[in-house]
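In this text the structure is predicted, and so the values were computed from the model without any measurement. Order of listing sets the numbers, starting from 1, for every ligand and every atom in it.
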Amino acid sequence: MANNHNYKNGGLKTKSISSSSSSSSYSGYKSKPSVTSGLRRNSTGSGGNSAGGHQKDTPGVSGRVRVAVRLRPRNSEELSTDADFADCVELQPELKRLKLRRNNWDSDTFEFDEVLTEFASQKRVYEVVAKPVVESVLDGYNGTVMAYGQTGTGKTYTLGRLGDEDTSARGIMVRAMEDIFAEISPETDSISVSYLQLYIETIQDLLDPTNDNLSITEDPKSGDISLPGASLIEVRDQPSFVELLRLGEAHRFAANTKLNTESSRSHAILMVHVKKSVKERDGAAISGENGSKSHTSRTMKPPVVRKGKLIVVDLAGSERIDKSGSEGHTLEEAKSINLSLSALGKCINALAENSSHVPVRDSKLTRLLRDSFGGTARTSLVITIGPSPRHRGETSSTIMFGQRAMKVENMLKIKEEFDYKSLARKLDVQVESLIAEHERQQKAYQDEVEKIGSEAKKQISEAEKRYADMLEKERLKYQRDCMESIKKLEAQLAVNQEKQGDGRVKVGFKDESLHKKPNGEAQGVAGSAELIEVKKLLQNEMLLRKAADEEIGSLRNQVAQWKRSEAVGSAENLKLRKMLEDEIRQREKLEEEISMLQSQLLQISFDADETRKQLENGHSIDMTGEMGSLVSPVRQQQMKYSGEQEKGSVAKLFEQVGLQKILSLLEAEDPDVRIHAVKVIANLAAEATNQEKIVEAGGLTSLLALLTSSEDENIHRVAAGAIANLAMNETNQELIMAQGGISLLAMTAENADDPQTLRMVAGAVANLCGNDKLQVMLRTEGGIKALLGMVRCRHPDVLAQVARGIANFAKCESRASTQGIKSGKSHLIEDGALPWIVKNANNEASPIRRHIELALCHMAQHEVNAKDMISGGALWELVRISRDCSRDDIRMLARRTLSSSPTFQVELKRLRLN
Ligand code: ADP
Ligand code: MG
């Protein structure tokens with residue numbers, strides 16, 4: 001600051017010029033900031049607040065606002081109108097001085113940081129004015145390049161020329177951007193641009209005209225200014241930047257036309273944001289003094305980014321606006337138009353004078369340029385002047401503005417940030433790659449471990465195998481050695497034995513030999529020791545042999561004993577086998593018996609069934625004619641015939657008159673009395689309790705006598721009925737037979753025509769047929785024949801009784817055959833019953849059919865009947881029964897019977913029926 005106080009402002013004369021200070025000041029301006037090391041040493045890395053970054057809070061280094069003056073050449077108008085006048089300024093560029101003439105003989109001299117003549121090229125102007133600022137921006141400082149001057153003096157020419165027609169005419173904006181693009185790397189760094197116009201305290205977006213009233217925001221902590229609504233366009237190359245500038249200019253022109261103003265009344269502001277990452281080499285330079293830091297701490301250090309902002313300001317013309325409003329503005333408008341520029345002047349004055357108050361907030365321009373004057377930015381101002389003496393006043397005030405600006409001291413601060421975001425990204429990538437690497441290594445480690453493990457296993461098994469082989473070899477070798485030793489010992493033994501033999505022979509010559517051989521004594525001792533040893537062995541052997549002999553003896557004994565017991569066992573075996581065979585035979589016999597009993601049981605149950613049915617049906621039979629029961633027709637007759645009342649009267653009669661008296665009435669003269677008496681007896685005979693009394697009293701004899709003595713068929717019928725009832729009892733059956741009952745019944749049957757008489761007779765015979773003891777007599781006395789004779793009457797009741805008799809007979813006969821009492825063919829066959837049996841085996845009346853089916857089964861149980869049955873056609877009936885009989889038990893019996901008969905089996909095979 002001390003140096004700068006030597007500069008003169010507009011009010012000072014050249015006398016007080018200090019050339020030394022001025023020359024040194026420019027060299028300081030020109031050079032790149034020599035503050036790098038100082039800055040970085042003091043870097044604390046704290047206090048920043050930008051998003052994603054960490055701004056370094058560095059104490060600034062002093063950096064005065066640099067001011068250059070540029071003189072525009074005379075334009076064509078000036079060349080003609082001012083031809084006779086000298087320029088109002090005289091430049092001494094080598095002395096960086098400018099002389100402003102007051103008149104022909106007097107002038108004021110001012111020193112600037114650079115004095116650029118009318119011949120100064122655009123290139124040189126850029127290099128002198130802007131390049132140092134651009135370089136600072138690339139280093140992370142804010143930078144400002146501003147042009148101030150009267151309208152038409154070349155501000156826009158200096159800053160904004162695009163150089164389309166003449167590339168050497170490119171202005172500062174284009175050139176600055178060229179340098180920036182040359183210095184950044186597109187992969188890591190970025191450049192974005194805003195372009196604004198400020199007019200009557202309104203900020204318009206030149207890149208997006210719809211944003212015509214942008215507001216300024218200020219970071220409360222850092223005081224950084226930003227325009228959140230402004231377009232911030234990232235540019236990647238020079239042509240697109242130039243296009244943006246062109247677009248901005250076009251919009252500026254359009255906006256000014258609309259507002260009916262001139263561009264000279266507005267300020268154009270270009271903002272270039274440069275974000276540049278610090279290269280590794282630079283990073284090393286940063287931590288130069290901490291070079292000993294470990295690798296880890298260095299990799300963990302976030303990358304550093306530098307954020308520089310370059311502001312290029314093409315100010316509105318500095319000339320005073322005509323207060324008369326000649327340009328169509330009101331006074332208020334004129335004030336407003338000039339507000340920003342005059343506020344800038346006031347701020348610069350305040351800063352130049354080190355005033356405690358700088359009215360930055362008075363205008364938008366001063367707020368936007370807060371960092372450029374009195375802030376942290378490197379600022380370079382170019383003031384443009386024209387040569388014409390007619391504008392001497394404006395030129396003078398421009399020069400004074402520049403002089404004051406030269407006194408403004410900024411504190412340059414680098415805008416350096418730690419880029420934690422990108423560090424995090426980088427670390428993420430590292431972590432992921434480390435995870436992958438770790439996994440790879442882990443897998444490799446596991447594989448290695450597995451490999452070593454399997455290798456070890458292999459080696460162990462190999463070692464084991466080797467060991468086993470060696471062991472086997474050792475064993476074999478040992479065996480061989482052992483064998484050899486044994487052989488040797490045996491040989492030795494043989495030699496010794498030989499020697500021993502010799503010794504025995506030589507006993508007699510012992511003394512001699514002793515004499516003969518001086519060392520023979522020692523040999524003898526050794527020999528006798530061996531001999532004792534051998535003897536011991538021999539004794540041992542003998543003992544062992546004895547023990548073995550004993551063992552053999554006992555074993556032999558055991559063998560002999562075992563053989564004996566085996567013989568006993570086989571005898572026992574034979575006996576048992578015989579017993580077994582007997583048992584088997586017994587069993588077969590029993591089985592036969594069982595099957596016979598089964599068939600008998602069947603017969604009985606069948607009879608019982610029939611009886612029950614009859615009783616249940618209350619089948620009424622009258623002595624004179626109705627059909628009735630099979631087993632006890634008379635009894636049933638009686639039940640119907642007498643009724644309760646009559647029964648009572650008969651019993652009464654029986655009691656009052658006495659049995660003898662009733663029996664005597666059987667021989668009465670009067671046939672009515674006789675028949676009545678017979679009926680009474682018949683009724684009495686139906687009661688089992690009376691039967692014995694009747695028989696004792698000779699009733700049976702009387703009844704049998706009636707069969708011959710009487711001619712009356714009614715009497716025959718009733719008497720036969722009574723006999724039939726009495727014939728239910730086994731004792732009575734024998735009595736009937738003994739009194740020639742069969743013959744009498746046969747005769748009666750022969751003479752009878754009435755089916756009921758025949759039925760009674762047949763019933764009586766059938767009852768007799770059921771007695772085992774009477775089989776032979778029954779047959780010889782023509783019982784069977786009598787039965788067969790009765791079939792002439794085709795009444796089913798008669799036929800049923802006949803069939804029952806045949807079945808009863810067949811049953812008893814079968815039983816007798818099984819018991820061995822009877823041999824030979826069935827009497828039924830011999831008496832010619834078979835044809836009728838076969839014919840009626842499938843009778844439609846079930847009582848007939850069932851009895852005959854049973855009879856056939858009984859007969860078929862005996863092989864002796866088989867041939868006749870086959871030839872008589874009974875086999876077919878049996879087959880039918882075994883297949884179709886509706887009664888399961890009969891069907892099963894027929895089936896069993898057929899299958900147990902070899903003859904039937906052969907025949908069935910022949911007929912292919914089995
Ligand atoms: P301002 O922007 O300050 O109003 P301009 O940049 O528009 O002034 O310049 C006014 C005129 O002067 C333009 O025609 C421009 O070409 C010309 N001019 C300005 N400076 C120079 C210069 N250094 N050399 C040649 N012509 C110049
Ligand atoms: Mg201009």
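Counting only heavy atoms of the protein, atom 8 (O) of ligand 1 lies nearest to G154 N, 3.0 Å. Scanning the protein heavy atoms around atom 6 (O) of ligand 1, the nearest turns out to be Y157 N, 2.7 Å. When only non-hydrogen protein atoms are considered, atom 7 (O) of ligand 1 lies nearest to T156 CB, 4.3 Å. The nearest heavy-atom contact from the protein to atom 17 (C) of ligand 1 is R72 CD, 4.0 Å. Here the protein heavy atom with the shortest distance to atom 22 (C) of ligand 1 is P73 CD, 3.2 Å.
If you number the atoms of ligand 1 from 1 as listed, the ones under 4.0 Å from a heavy atom of T151 come out as 4 (O). Heavy-atom contacts of T153 reach the following atoms of ligand 1: 1 (P), 3 (O), 8 (O) (cutoff under 4.0 Å).
The shortest N or O to N or O distance between K155 and ligand 1 is under 3.5 Å.
Note on ligand 1: Q150 sits in its first shell, one or more heavy atoms being nearer than 4.0 Å. Distances shorter than 4.0 angstrom do not occur between any heavy atom of N75 and any atom of ligand 1. Residue T384 places no heavy atom under 4.0 Å from ligand 1. Within the structure, ligand 1 has R70 among the residues with a heavy atom less than 4.0 angstrom away.
Using a 4.0 Å cut-off between charged nitrogen and carboxylate oxygen, R64 and E409 do not count as a salt-bridge pair. Salt-bridge formation is detected for the pair R124/E114: a Lys NZ or Arg NE/NH1/NH2 atom is positioned less than 4.0 Å from an Asp or Glu carboxylate oxygen. A salt bridge does not link E183 to K276: none of the charged nitrogens lies less than 4.0 Å from a carboxylate oxygen.
Pairs engaging residues 373-405 under the ring pair (Phe, Tyr, Trp, His ring centres under 6.0 Å) rule: Y148-F401 [sequence neighbours left out]. Among residue pairs with one or both ends in residues 67-99, none qualify as ring pair (Phe, Tyr, Trp, His ring centres under 6.0 Å); sequence neighbours excluded.
When the options T117, T158, T153 are evaluated for a side chain to side chain donor-acceptor pair (under 3.5 Å) with R70, the one that passes is T158.
Within 4.0 Å of atom 19 (C) of ligand 1, at least one protein heavy atom is present.
Of the listed options G149, G317, G152, G152 places a heavy atom closest to atom 10 (C) of ligand 1.
Under a 3.5 Å cut-off, the side chain of T167 and the backbone N or O of G163 do not form any donor-acceptor pair. Within the 3.5 Å criterion, the main-chain N or O of D166 finds no donor-acceptor partner in the side chain of S168. Using a distance-only test at 3.5 Å, with no hydrogens or angles considered, no donor-acceptor pair links the side chain of E118 to the main chain of P73.
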Hey, mind stepping through R246 and E249 against salt bridge (Lys or Arg N to Asp or Glu O under 4.0 Å) and telling me if it holds?
CA-CA 5 Å; R246 218 190 297 278; E249 279 311 316; over 6 Å; no
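Using a cut-off of 2.8 Å, one finds that T156 contributes an N/O/S atom close to the Mg ion (ligand 2).
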